[in-house]
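For reference, positions follow the sequence shown, starting with 1.
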Amino acid sequence: MCGTSLAVFGISAMEESLYRHFLRNPDTAPDDIHLRLHVEQDRAQEAVTRLADLGVLRRTERGTIAPADPEVAVDRLTEVRMAELYRQLQEVTRSRAVIADLRAEQGARTLPPQGVERMENVAEIRDRIDDLAFFAREEILSVEPYAALTPANIEHARPLDRRCLRRGVRVRSVVLKEALTDPPTVRYLLELAAQGAEIRVADDISERILVYDRRTALVPVDPADTSRGALVAQEEGLVANILALFEKIWNEAADLAALVDREVTGDVGEGGLSEIEQQVLESMCKVGKDEIGARDLGISVRTYRRHVADLLKILDASSRPHAALLARERGWI
């Protein structure tokens, strides 16, 4: 056993031993696993069931057990653990009376309007944005008038964006049309779109808006000079007005797919399908349940089903079996 442990994710020593066994011995039958681990059969079967529910193991059509790739397994365990911590955090912060008591300790100091916080340190603002994205559970909205994303921007954003989309968080973003002249930026936007993000493009926007779960909004103090800091608003009326502004911008913007040629990705497979569409097509033909297919591909069920619907249109199929038949006839699978 190596020095690292999965205990931090809530995995018991026996469950970890079981997962490591299947990593060393993939596609083995689970019937005698209790003998190998020297534990009761019921305990071993319960551990297999729990790890399967977590997405760490999966039962194959042959009745054997296959382990998830370690990177995928740790990502899934991280998401489950973070969801548990998030629920605990909600319980801890549920009482606003504590905040009121602490506010009273500030005495006569001048305070910002209730529910509005001003931040001036750029590093702290970035950390707050990362935290809000990390803990988002329902929806992230953004209007970002950048002309291009640097490689550093993309590498910093990619893990958070992927984690949010895998959790099924709805992501809607409006970007400046000028950004489509930068190939790395376009490729990243298309990458996000393939994973389920909804992206639109506006000819001319100056607003900078971020809204998380329709409860917390972040806007610059001065849109023309972001170095002056940001305002973080949780006051219901302010957030509602910011949401209304976002929806207006969103409704007037054009869909990314309508403006960008898919060949820009350099990632087009059989029949002009994108890589993710090809993967969903193959999964759809082999896997019975959308939940299993989405989990295997590391995307949300909603995103998986959206790709399935797109494939039915592309193939002009009336049903999934019909789509599978047409795809085989065309040599796509």
Are any of the side-chain nitrogens in [X] or [Y] under 4.0 Å away from the carboxylate oxygens of its partner?
{"X": "Glu236", "Y": "Arg215", "result": "no"}
{"X": "Glu198", "Y": "Arg170", "result": "yes"}
{"X": "Asp290", "Y": "Arg320", "result": "yes"}
{"X": "Arg228", "Y": "Glu120", "result": "no"}

Test item: [X] and [Y] side chains (from C-beta on) under 4.5 Å apart, heavy atoms:
{"X": "Ile205", "Y": "Val143", "result": "yes"}
{"X": "Ile129", "Y": "Leu218", "result": "yes"}
{"X": "Leu192", "Y": "Val171", "result": "no"}
{"X": "Thr216", "Y": "Val239", "result": "no"}
{"X": "Ser142", "Y": "Ser173", "result": "yes"}
{"X": "Glu144", "Y": "Arg208", "result": "no"}
{"X": "Pro67", "Y": "Arg20", "result": "no"}
{"X": "Ile140", "Y": "Leu132", "result": "no"}

Is there a donor in the side chain of [X] and an acceptor in the side chain of [Y], or the other way round, less than 3.5 Å apart?
{"X": "Thr49", "Y": "Glu46", "answer": "no"}
{"X": "Thr185", "Y": "Tyr146", "answer": "no"}
{"X": "Gln278", "Y": "Glu282", "answer": "yes"}

Donor-acceptor pair, [X] side chain versus [Y] backbone, under 3.5 Å?
{"X": "Glu40", "Y": "Arg43", "result": "no"}
{"X": "Ser283", "Y": "Gln279", "result": "no"}
{"X": "Arg167", "Y": "Ala136", "result": "yes"}
{"X": "His322", "Y": "Leu312", "result": "no"}
{"X": "Glu15", "Y": "Ser12", "result": "yes"}

Quiz prompt | Criterion side-chain contact (heavy atoms from CB on, under 4.5 Å) on Gln195 and Ile276, from CA distance to verdict | solution = CA-CA 8 Å; Gln195 294 173 24; Ile276 188 66; over 6 Å; no

Connected via hydrophobic side-chain network under 4.5 Å: [X] and [Y]:
{"X": "Leu325", "Y": "Trp332", "answer": "no"}
{"X": "Val219", "Y": "Leu245", "answer": "yes"}
{"X": "Met14", "Y": "Ile65", "answer": "yes"}
{"X": "Val72", "Y": "Leu51", "answer": "no"}
{"X": "Val301", "Y": "Leu297", "answer": "no"}

Quiz item: Which residues satisfy the side chain to side chain contact (heavy atoms under 4.5 Å, CB included) test with Pro70, sequence neighbours excluded?
Solution: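 Side chain to side chain contact (heavy atoms under 4.5 Å, CB included) list for Pro70, sorted by chain: Tyr19, Leu23.
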
Self-check item: Test side chain to side chain contact (heavy atoms under 4.5 Å, CB included) applied to Arg214 - qualifying residues, sequence neighbours left out
Solution: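 With sequence neighbours excluded, Arg214 shows a side chain to side chain contact (heavy atoms under 4.5 Å, CB included) to Glu139, Leu141, Arg172, Leu243, Glu247, given in chain and number order.
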
Quick check for you: to the nearest 0.5 Å, what is the distance between [X] atom [atom1] and [Y] atom [atom2]?
{"X": "Arg187", "Y": "Asp182", "atom1": "CZ", "atom2": "CG", "result": "8.5 Å"}
{"X": "Phe9", "Y": "Glu16", "atom1": "CZ", "atom2": "CD", "result": "10.0 Å"}
{"X": "Asp203", "Y": "Glu252", "atom1": "CG", "atom2": "CD", "result": "10.5 Å"}
{"X": "Leu326", "Y": "Arg328", "atom1": "CG", "atom2": "CZ", "result": "10.5 Å"}
{"X": "Leu281", "Y": "Lys286", "atom1": "CG", "atom2": "NZ", "result": "10.5 Å"}
{"X": "Tyr212", "Y": "Asp131", "atom1": "OH", "atom2": "CG", "result": "10.0 Å"}

Quiz item: Counting only heavy atoms not in Glu291, do more than 12 sit closer than 6.0 Å to its CD atom?
Solution: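 Counting other residues, nucleotides and ligands, CD of Glu291 exceeds 12 neighbours.
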
Quiz item: Got more than 12 heavy atoms from elsewhere within 6.0 Å of CG, Asp316?
Solution: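 No - once you tally the heavy atoms of other residues, nucleotides and ligands closer than 6.0 Å, there are 12 at most.
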
Self-check item: Candidate pair Leu180 and Leu256, rule side-chain contact (heavy atoms from CB on, under 4.5 Å), full reasoning
Solution: CA-CA 9 Å; Leu180 302 187; Leu256 175 69; 3.7 Å; yes

For [X] versus [Y], what's the shortest heavy-atom pair and its separation?
{"X": "Met119", "Y": "Val232", "answer": "SD-CG2, 3.8 Å"}
{"X": "Arg200", "Y": "Ala253", "answer": "CB-CB, 3.6 Å"}
{"X": "Asp213", "Y": "Arg137", "answer": "OD2-N, 3.1 Å"}
{"X": "Val201", "Y": "Lys177", "answer": "CG1-CA, 3.2 Å"}
{"X": "Asp255", "Y": "Ile199", "answer": "OD1-O, 3.7 Å"}
{"X": "Ala323", "Y": "Leu315", "answer": "O-CD1, 3.6 Å"}

Name the atoms and distances for all side-chain donor-acceptor pairs under 3.5 Å in residues 159-166, with sequence neighbours left out.
from, atom 1, to, atom 2, distance (Å)
Asp161, OD2, Tyr188, OH, 2.5
Arg166, NE, Gly298, O, 3.0
Arg166, NH1, Asp75, OD2, 3.0

Practice problem: For Glu178, enumerate each residue passing the side-chain hydrogen bond (donor to acceptor under 3.5 Å, both in side chains) test, keeping only those at least two apart in sequence or located in another chain. | Solution: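 For Glu178 there are no side-chain hydrogen bond (donor to acceptor under 3.5 Å, both in side chains) partners, ignoring immediate neighbours.
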
Practice problem: Tell me, with the steps shown, if Leu57 and Leu18 meet side-chain contact (heavy atoms from CB on, under 4.5 Å). | Solution: CA-CA 10 Å; Leu57 299 178; Leu18 190 148; 3.4 Å; yes

Quiz item: Yes or no on side-chain contact (heavy atoms from CB on, under 4.5 Å) for Val174 and Phe246, after CA distance, side-chain angles and deciding distance?
Solution: CA-CA 9 Å; Val174 181; Phe246 171 84; 4.3 Å; yes

Quiz item: Linking Ile, Leu, Val, Met, Phe, Trp and Tyr by side-chain heavy atoms under 4.5 Å, what else ends up with Ile292?
Solution: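 Val287, which link up through side-chain heavy atoms under 4.5 Å apart, make up the rest of the cluster.
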
Side-chain donor-acceptor distances from residues 121-128 under 3.5 Å, at least two apart:
from, atom 1, to, atom 2, distance (Å)
Asn121, OD1, Ala123, N, 2.9
Asn121, OD1, Glu124, N, 2.9
Arg128, NH1, Glu117, OE1, 3.0
Arg128, NH2, Glu117, OE1, 3.3
Arg128, NH2, Glu117, OE2, 3.2

